[in-house]
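One structure is given here, and the rest of the page talks about it.
Since we're looking at a predicted model, the values are computed, not measured. Note that these values count all heavy atoms, side chains included, but never hydrogens, waters or copies made by symmetry.
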Amino acid sequence: MKIYLIRHSESIDDIENCYGGIADFDLTENGKDKVKESRKVIEKYGIEKIYTSPYKRAHQTAQILNENMKVEIKVIDDIRELNSHGIRSGVNKELAKSIFSYVFKKEEYKNTGYYLGKTFLGGENIEEFDKRVKEAIDFIIIDSQGLDSIAIVTHGGVHRSIFKNILNINKKIDEIDDVATTILEYNNGKFGIIDTKGIKFGEDIK
């Protein structure tokens, strides 16, 4: 089975310089246009079912991709984005530094992120996040038995978890483009990477 792992397109938090994570922003008009452009290629893949995060930016991406394919879209709650930003989710980054200045000054919150294994105050435990992503992918594999081609529309944090813990890629993901698409092959319990587009890798994971 081929799996098309797709990141959502540009959302409002990107252009308003807000912390995203669990904040549920819509796609921008530019983001919608990017999906429509990518759709010209993606809809040729013979995708039979789309699995998507419940967050608007992912679900809207899935809906636009599906306008011509008209396959089933199934929402999977556990491929939602990592709650990495906690209490600052959805807040403009400069404003957050002002209103949460006391927290920003605390040593444990000066450096946070997936590969650091730490989230901001009120954020999600990274190990629990990795566990839910793994369980969600296991469920999708079982649910899609008998299909030849599926798509999973999700987020940057989920990509990082999948690449690190399921694909066993020992490289950090530095950047993921809007609608970045990775083509995977799943066969007899094993995953292989056929192609990766729109992902920039950085240094080794320590």
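Atom CG of Asn111 is surrounded by 12 or fewer heavy atoms from other residues, nucleotides or ligands within 6.0 Å. Within 6.0 Å of CD on Glu108 lie more than 12 heavy atoms contributed by other residues, nucleotides or ligands. More than 12 heavy atoms of other residues, nucleotides or ligands sit less than 6.0 Å from atom NZ of Lys93. The 12-atom threshold is exceeded at NZ of Lys118, counting heavy atoms of other residues, nucleotides or ligands nearer than 6.0 Å.
When only modelled atom types and interatomic distance are considered, Asp143 and Tyr51 share a side-chain donor-acceptor pair under 3.5 Å. A donor-acceptor contact closer than 3.5 angstrom links the side chains of Asp13 and Ser11.
For the atom pair Ile79 CD1 and Glu81 CD, the distance stands at 11.0 Å (nearest 0.5 Å). With values rounded to the nearest 0.5 angstrom, Lys97 atom NZ is found 9.5 Å from Asn92 atom CG. One distance of note links NE2 of His155 with OG of Ser53; it measures 3.0 Å at 0.5 Å rounding. Between atom CG of residue Asp178 and atom CD of residue Glu10 there is a gap of 6.0 Å, rounded to the nearest 0.5 Å. Separation of atoms CG (Asp24) and CG (Asp26) is listed at 7.5 Å; rounding is to 0.5 Å. To the nearest 0.5 Å, atom CD1 of residue Ile137 and atom CD1 of residue Ile142 are 12.0 Å apart.
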For the pair Phe201 and Phe163, evaluate ring pair (Phe, Tyr, Trp, His ring centres under 6.0 Å) and give the outcome as yes or no after the intermediate values.
CA-CA 11 Å; Phe201 294 96; Phe163 271 80; 5.7 Å; yes
Go through it in stages, so that I can follow the logic: the residues are Lys106 and Lys110, the test is side-chain contact (heavy atoms from CB on, under 4.5 Å), and I'd like the CA-CA distance, side-chain angles, deciding distance and then a yes or no.
CA-CA 7 Å; Lys106 283 183 166 289; Lys110 285 183 178 178; over 6 Å; no
Quick one: do Ile152 and Ile140 satisfy side-chain contact (heavy atoms from CB on, under 4.5 Å)? Show the steps, please.
CA-CA 9 Å; Ile152 300 173; Ile140 289 171; 4.1 Å; yes
Run Asp130 and Asn165 through side-chain hydrogen bond (donor to acceptor under 3.5 Å, both in side chains) and show every step you take.
CA-CA 8 Å; Asp130 284 335; Asn165 301 300; 3.2 Å; yes
Determine, stepwise, if the pair Ile42 / Lys44 fulfils side-chain contact (heavy atoms from CB on, under 4.5 Å).
CA-CA 5 Å; Ile42 292 172; Lys44 296 177 182 178; over 6 Å; no
Please determine whether side-chain contact (heavy atoms from CB on, under 4.5 Å) holds for the pair Ile126 and Thr119, giving the CA-CA distance in whole Å, both sets of side-chain angles, and the decisive distance to 0.1 Å.
CA-CA 8 Å; Ile126 300 291; Thr119 58; 3.7 Å; yes
Do Glu37 and Lys34 pass the salt bridge (Lys or Arg N to Asp or Glu O under 4.0 Å) test, and can you show the C-alpha distance, the side-chain angles, and the key distance before you say yes or no?
CA-CA 5 Å; Glu37 187 63 30; Lys34 287 182 178 182; over 6 Å; no
Quick one: do Lys134 and Asp138 satisfy salt bridge (Lys or Arg N to Asp or Glu O under 4.0 Å)? Show the steps, please.
CA-CA 6 Å; Lys134 175 66 167 58; Asp138 287 345; 2.9 Å; yes
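Of all heavy-atom pairs between Val153 and Ala58, the closest is CG1-O, 3.5 Å. Between Tyr19 and Ala96, the closest heavy-atom pair is CE1-CB, 3.8 Å. Between Thr61 and Ser9 the shortest heavy-atom distance is OG1-N, 3.2 Å. Closest of all the heavy-atom pairs between Ile141 and Met1 is CD1-CE, 3.8 Å. The two residues Gly21 and Arg57 come nearest to each other via the heavy atoms O-NH2, 2.6 Å. When every heavy atom of Ile47 is checked against every heavy atom of Val71, the shortest pair comes out as O-CG1, 3.4 Å.
Under a 4.0 Å N-O distance rule, the pair Lys171/Asp204 qualifies as a salt bridge. Of the charged side-chain nitrogens involved, none lies within less than 4.0 Å of a carboxylate oxygen, so that Lys190 and Glu185 do not count as a salt-bridged pair. Here Lys40 does not pair with Glu43 in a salt bridge; the nearest charged N to carboxylate O distance is not below 4.0 Å. Between Glu128 and Lys131 there is no salt bridge, since none of the side-chain N atoms of the basic residue sits less than 4.0 Å from a carboxylate O of the acidic one. With respect to Arg132 and Glu135, no salt bridge is recorded, no charged nitrogen being found less than 4.0 Å from a carboxylate O. Comment: Arg39 engages Glu67 in a salt bridge, judged by a side-chain N to carboxylate O separation of less than 4.0 angstrom.
For the pair Arg160 and Tyr114, the cation-pi criterion (under 6.0 Å, within 45° of the ring axis) is not fulfilled.
Without hydrogens or angle criteria, Asn83 side chain to Gly122 main chain gives a donor-acceptor distance under 3.5 Å. Looking only at distances, no side-chain donor or acceptor of Thr112 sits under 3.5 Å from a matching main-chain atom of Tyr109. Formation of a donor-acceptor pair under 3.5 Å by the Arg80 side chain with backbone atoms of Asp77 is found in this model. With hydrogens and angles ignored, the 3.5 Å screen pairs a side-chain donor or acceptor of Thr181 with a backbone N or O of Val179. Remark: the backbone N or O of Ser149 is paired with a side-chain donor or acceptor of Glu48 at under 3.5 angstrom. The main-chain N or O of Leu147 is never found under 3.5 Å from a side-chain atom of Ser144 such that the two would form a donor-acceptor pair.
When hydrophobic clusters are built by joining Ile, Leu, Val, Met, Phe, Trp and Tyr residues whose side-chain heavy atoms come closer than 4.5 Å, directly or via intermediates, Leu82 is not grouped with Leu121. Note: the hydrophobic cluster containing Leu95 does not contain Phe25 (ILVMFWY, side chain heavy atoms under 4.5 Å, direct or indirect links). By the rule that hydrophobic residues join a cluster once side-chain heavy atoms approach within less than 4.5 Å of another member, Leu5 and Ile194 end up as members of separate clusters. Note on Phe129: it clusters hydrophobically with Ile166, by side-chain heavy-atom contacts below 4.5 Å among ILVMFWY residues. A continuous path of Ile, Leu, Val, Met, Phe, Trp and Tyr side chains, each step under 4.5 Å between heavy atoms, connects Val158 with Ile199, placing both in one hydrophobic cluster.
Using a 4.5 Å heavy-atom threshold, the side chains of Thr28 and Asp14 count as separate. Within the 4.5 Å cutoff, the side chain of Val35 has heavy atoms near those of the Leu65 side chain. In this structure, His59 and Val75 have side chains that are in contact, with non-hydrogen atoms separated by less than 4.5 Å. With contacts defined as side-chain heavy-atom distances shorter than 4.5 Å, the pair Ile150/Ile50 does not qualify. At a threshold of 4.5 Å between non-hydrogen side-chain atoms, the residues Glu72 and Asn66 do not count as touching. Side-chain contact between Ile169 and Ile193 is present, with heavy atoms from C-beta onward closer than 4.5 Å.
By the side chain to side chain donor-acceptor pair (under 3.5 Å) test, Thr154 is found to be paired with no residue, residues two or more places apart in sequence or in another chain being considered.
A ring-centre distance under 6.0 Å is found for Phe120 and Phe104.
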